[in-house]
J.: 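Can you read through this structure? Questions will come right after.
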Amino acid sequence: MSALLGRSAVPVSRIGLGTAPLGNLYREVPDADAIATIDQAWANGIRFFDTAPHYGLGLSERRLGVALSGRPRAQYTISTKIGRLLVPDPAGAHRRDDEAGFDVPADHRRVWDFSADGVRRSLEDSLERLGLDRIDLVLIHDPDDHWAEAAGQAYPALHDLRAQGVIGAIGAGMNQAAMLARFVTETDVDAVLVAGRWTLLDQSAADELLPACARRGVSVLAAGVFNSGLLATDNPPADATYDYQPARAEVRERAIAISAVCRRHGVALPAAAIAFAGARPEVASVLLGARTAAEVAANAAAAAVPVPGDLWTELAEEGLIRRDLLP
């Protein structure tokens with residue numbers, strides 16, 4: 001473990017494993033492959049694991065619980081999320097969970113619930129799926145359209161649970177930076193998980209969120225640092241995705257230009273993407289999703305690559321990153 005979240009005693013490793021893919025995001029992952037992925041993360045020194053009920057209607061949590069069941073509990077950190085309750089829906093068992101993009105039977109429905117009671121019910125269900133007696137970090141998940149309830153009910157409930165020692169740290173996780181900045185400035189969270197907004201292609205988190213975190217002593221968990229695929233390979237393909245959609249031509253061209261600069265400095269694009277995201281002092285951990293052991297090993301190797309300062313300087317000179325954000 002290399003950093004503590006905010007003012008809490010909850011540690012995280014510099015690289016974390018995001019487990020949405022292990023909830024069968026987009027396509028099925030066999031149980032054995034999912035367990036092997038988590039085992040590989042452990043072998044590579046990863047001790048921070050992020051999950052959520054949303055990921056495969058609880059499948060990610062269940063698999064994570066199985067894979068970590070024999071590990072010393074004090075040696076790893078688990079984060080999960082609240083905001084979507086899973087309600088049994090036997091009538092949906094014959095179809096797939098296509099609406100959310102997970103290849104699992106739709107035998108449960110997601111119900112938005114940021115009430116205090118919903119927080120407690122969600123945590124109880126997550127503990128059962130994980131097979132644990134405590135969760136280290138709990139994040140308010142995607143409250144984009146639910147600020148009043150999330151800030152007025154979910155946050156106070158989590159604040160109380162943290163004060164009671166039931167959970168170690170609290171925060172919010174979103175694909176946008178603006179509302180996360182509100183959580184940082186208007187509440188007493190320990191951490192925020194920002195997905196896709198602090199990357200080589202999108203530095204919008206630097207406008208308000210990162211400075212607010214620096215002022216308030218709030219830790220940042222950088223997720224989606226490959227912007228869902230475009231930065232995940234050294235040669236961004238024509239069918240690459242950006243923020244879960246087909247990448248627009250101009251965005252892909254920018255990624256290709258960044259990759260060319262990286263290549264001139266002997267650094268692969270994914271390695272530069274990880275290094276850039278993790279270079280800010282506010283960033284406690286970079287979360288990297290994976291669905292196979294090989295992907296974990298590749299990500300771990302990329303994260304260990306030293307990146308020369310001249311690479312960042314050239315990117316700025318080429319107008320590919322903001323000069324005021326050089327690592």
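By convention here, the first residue in the shown sequence is residue 1.
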J.: Applying side-chain contact (heavy atoms from CB on, under 4.5 Å) to V12 and S2, what does each step give before you reach the verdict?
T.: CA-CA 6 Å; V12 290; S2 62; 5.7 Å; no
J.: With a 4.5 Å cut-off on side-chain heavy atoms, are L85 and W112 touching?
T.: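 A side-chain contact under 4.5 Å is absent here.
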J.: Does R96 pair with D103 as a salt bridge, N-O distance under 4.0 Å?
T.: yes
J.: If we ignore hydrogens and angles and just use 3.5 Å, is the side chain of T313 paired with the main-chain N or O of G309 as donor and acceptor?
T.: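 Flag set: sc T313 to bb G309 pair under 3.5 Å.
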J.: For the pair S122 (side chain) and G118 (backbone), establish whether a donor and an acceptor sit closer than 3.5 Å, ignoring hydrogens and angles.
T.: no
J.: Does the R291 side chain pair with the main chain of G23, one donor and one acceptor, at a distance under 3.5 Å?
T.: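 Side chain of R291 to backbone of G23, a donor-acceptor pair under 3.5 Å: no, none is there.
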J.: When you measure from the side chain of E28 to the backbone of N24, do you find a donor-acceptor pair of N or O atoms at a distance under 3.5 Å?
T.: no
J.: Any chance you could lay out the salt bridge (Lys or Arg N to Asp or Glu O under 4.0 Å) test for D97 and R109, step after step, and finish with the verdict?
T.: CA-CA 9 Å; D97 183 34; R109 291 181 296 108; over 6 Å; no
J.: Are I170 and Y155 close enough that some pair of their side-chain heavy atoms sits under 4.5 Å apart?
T.: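 I170 vs Y155: side chains touch.
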J.: Can you name the nearest heavy-atom pair linking L5 to A169, along with the distance?
T.: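 Between these two residues, the closest heavy atoms are CD1-CB, 4.5 Å.
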J.: Could you check, using the six-membered ring where one of them is a Trp, whether W147 and F183 have ring centers closer than 6.0 angstrom?
T.: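 Judged by ring-centre distance (under 6.0 Å), W147 and F183 do meet the cut-off.
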J.: Does a side-chain heavy-atom distance below 4.5 Å link V220 with L210?
T.: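 Sidechains of L210 and V220: in contact.
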J.: Can you label the angle between the H141 ring and the Y55 ring as parallel, tilted or perpendicular, going by 30° and 60°?
T.: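 Rings of H141 and Y55: perpendicular, as their planes differ by over 60°.
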J.: Under 3.5 Å, is there a donor-acceptor pair between the side chain of S259 and the main chain of A255?
T.: no
J.: Go through it in stages, so that I can follow the logic: the residues are V184 and V192, the test is side-chain contact (heavy atoms from CB on, under 4.5 Å), and I'd like the CA-CA distance, side-chain angles, deciding distance and then a yes or no.
T.: CA-CA 8 Å; V184 171; V192 290; 3.8 Å; yes
J.: Could you tell me whether D142 and K81 make a salt bridge, using a distance below 4.0 angstrom between a side-chain N and a carboxylate O?
T.: no
J.: Start with the C-alpha gap between T51 and T80, add the side-chain angles, then the distance that decides, and say whether side chain to side chain donor-acceptor pair (under 3.5 Å) holds.
T.: CA-CA 5 Å; T51 184; T80 194; 5.0 Å; no
J.: I'd like to know if R63 pairs up with D31 as an ion pair, taking the criterion as any Lys NZ or Arg NE/NH1/NH2 lying under 4.0 Å from an Asp or Glu carboxylate oxygen.
T.: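 D31 and R63: salt-bridged.
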J.: Pick from T199, T241, V251, I256: which one makes a side-chain contact (heavy atoms from CB on, under 4.5 Å) with L230?
T.: V251
J.: Which distance, rounded to the nearest 0.5 Å, do you find between the CZ of R62 and the CG of L22?
T.: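 Between atom CZ of R62 and atom CG of L22 there are 12.5 Å.
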J.: Would you call the rings of F276 and W312 parallel, tilted or perpendicular if under 30° counts as parallel and over 60° as perpendicular?
T.: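 Taking W312 first and then F276, their aromatic rings sit tilted (interplane angle of 30° to 60°).
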J.: Between Y26 and Y244, how do the two ring planes meet: parallel, tilted or perpendicular, split at 30° and 60°?
T.: tilted
J.: Looking at Q203 and L200, would you say the former's side chain and the latter's main chain have a donor-acceptor pair under 3.5 Å?
T.: yes
J.: Go through D160 and Q164 one step at a time and tell me if the side chain to side chain donor-acceptor pair (under 3.5 Å) criterion holds.
T.: CA-CA 6 Å; D160 289 347; Q164 297 164 19; 5.4 Å; no
J.: Hey, does F49 have a side-chain heavy atom less than 4.5 Å from the side chain of T77?
T.: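 Of all side-chain heavy-atom pairs linking F49 with T77, none is under 4.5 Å.
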J.: Is there a side-chain contact between D188 and R7 (heavy atoms, below 4.5 Å)?
T.: yes
J.: About how many Å separate CZ of R47 and CD1 of I15, when rounded to the nearest 0.5 Å?
T.: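 It comes to 13.5 Å.
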J.: Hey, is D207 close enough to R322 for a salt bridge, meaning N to O under 4.0 Å?
T.: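 Here D207 pairs with R322 in a salt bridge, since their nearest N and O are under 4.0 Å apart.
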J.: Using a strict cut-off of less than 4.0 Å between a Lys/Arg side-chain nitrogen and an Asp/Glu carboxylate oxygen, indicate whether D136 and R134 qualify as a salt bridge.
T.: yes
J.: Hey, what do you get for CG (L139) to CG (L221), rounding to the nearest 0.5 Å?
T.: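 CG of L221 is found 7.0 Å from CG of L139.
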J.: Do Q153 and S115 pass the side chain to side chain donor-acceptor pair (under 3.5 Å) test, and can you show the C-alpha distance, the side-chain angles, and the key distance before you say yes or no?
T.: CA-CA 5 Å; Q153 297 187 47; S115 68; 4.9 Å; no
J.: Output the distance between atom CG (L325) and atom CZ (R280), rounded to the nearest 0.5 Å.
T.: 6.5 Å
J.: Examine distances only and state if a side-chain atom of Q176 and a backbone atom of M179 form a donor-acceptor pair shorter than 3.5 Å.
T.: yes
J.: Drop me the distance from L158's CG to L123's CG, to the nearest 0.5 angstrom.
T.: 6.5 Å
J.: Compare all side-chain heavy atoms of S285 with those of R14 and state whether any distance is below 4.5 angstrom.
T.: no
J.: Any sub-3.5 Å donor-acceptor pair from T19's side-chain atoms to D50's backbone N or O?
T.: yes
J.: How far does OG of S219 sit from CG of L193, to the nearest 0.5 angstrom?
T.: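 That separation rounds to 12.0 Å.
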J.: Any side-chain heavy atom of R162 sitting closer than 4.5 Å to one from L137?
T.: no
J.: Test side-chain contact (heavy atoms from CB on, under 4.5 Å) on Q75 and W42 and set out the steps.
T.: CA-CA 10 Å; Q75 292 185 19; W42 189 276; 3.7 Å; yes
J.: Hey, are R110 and D89 close enough for a salt bridge, meaning a charged N less than 4.0 Å from a carboxylate O?
T.: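 A salt bridge is absent here (no side-chain N lies under 4.0 Å from a carboxylate O).
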J.: Is there a side-chain contact between P53 and R129 in this structure, where contact means two heavy atoms from C-beta onward sitting under 4.5 Å apart?
T.: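 Yes, close enough: below the 4.5 Å cut-off.
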J.: Run I258 and L201 through side-chain contact (heavy atoms from CB on, under 4.5 Å) and show every step you take.
T.: CA-CA 9 Å; I258 292 172; L201 289 171; 3.9 Å; yes
J.: Heavy-atom count check: over 12 atoms from other residues, nucleotides or ligands less than 6.0 Å from E317 CD?
T.: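 Check passes, neighbour count above 12.
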J.: One thing to verify: whether D107 and R95 come together as a salt bridge, which I'm taking to mean a side-chain N less than 4.0 angstrom from a carboxylate O.
T.: no
